[in-house]
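Working notes, beginning with the structure itself.
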Amino acid sequence: MSPRQSPATAHELARIGLLASLPGQTLALLAGRMEREDFAPGAAVVTEGDDGDRFYVVLSGMLTVSQQALGARRVLRPGDYFGEVSAAVELPRTATVRALTPSTVASCDRATFDELVKPLFGA
């Protein structure tokens, strides 16, 4: 079953701590470029070792981050984000992220990340 997709909204993104400092116009632009996806419990959002070129923010639900060598690493909640390493540099995914509960994430491609989000990391 493929996840349901729809655009993210600026209101949703404003609740993400990292993105809250963006000017309204930039937030609206980012929202228009982000895809929103719903995941059922157990569904993988990203898989360790896969090519990664998208940056994700958690809008709702809880997700688990795990690594093959180390097992479960942490739990992501609304307001958290992931994928910034793979989006910033061309590296394979360093972990698997799975939904623990029904979850909604929004993601953007590398070009959008580089233009609108990467500057927030001071890079």
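Predicted, not measured: the structure shown is a model, and the values here were computed from it. FYI, the numbering just counts along the sequence from 1. Hydrogens, waters and symmetry mates are skipped; everything else that's a heavy atom, side chains included, is used.
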Distance check, rounded to the nearest 0.5 Å: [X] atom [atom1] versus [Y] atom [atom2]?
X	Y	atom1	atom2	answer
Phe55	Cys108	CZ	SG	6.5 Å
Asp80	Ile16	CG	CD1	8.0 Å
Gln67	Arg74	CD	CZ	10.0 Å

Worksheet, complete the sentence: Quick note, side chain to side chain donor-acceptor pair (under 3.5 Å) partners involving residues 9-26, not counting sequence neighbours, are Thr9-Glu12, Glu12-Arg36
Discussion item. Does anything in residues 40-57 form a side chain to side chain donor-acceptor pair (under 3.5 Å)? List the pairs, not counting sequence neighbours.
Written reply: Arg54-Ser107
Discussion item. When you compare the side chains of Ser60 and Thr104, does any donor N or O come within less than 3.5 Å of an acceptor on the partner?
Written reply: yes
Item to complete: Go through the steps for Val46 and Phe82 under the test side chain to side chain contact (heavy atoms under 4.5 Å, CB included), then give the verdict.
Response: CA-CA 10 Å; Val46 299; Phe82 60 96; 4.2 Å; yes
Worksheet entry | Leu100: hydrophobic cluster co-members (side-chain, 4.5 Å) | Met62, Val75
Worksheet item: Same cluster or not: are Leu13 and Phe121 linked, directly or through other Ile, Leu, Val, Met, Phe, Trp or Tyr residues, by side-chain heavy atoms under 4.5 angstrom apart?
Response: yes
Tell me, do [X] and [Y] make a side-chain contact under 4.5 Å, heavy atoms counted?
X	Y	result
Leu19	Leu120	yes
Leu22	Leu116	no
Glu84	Leu18	no

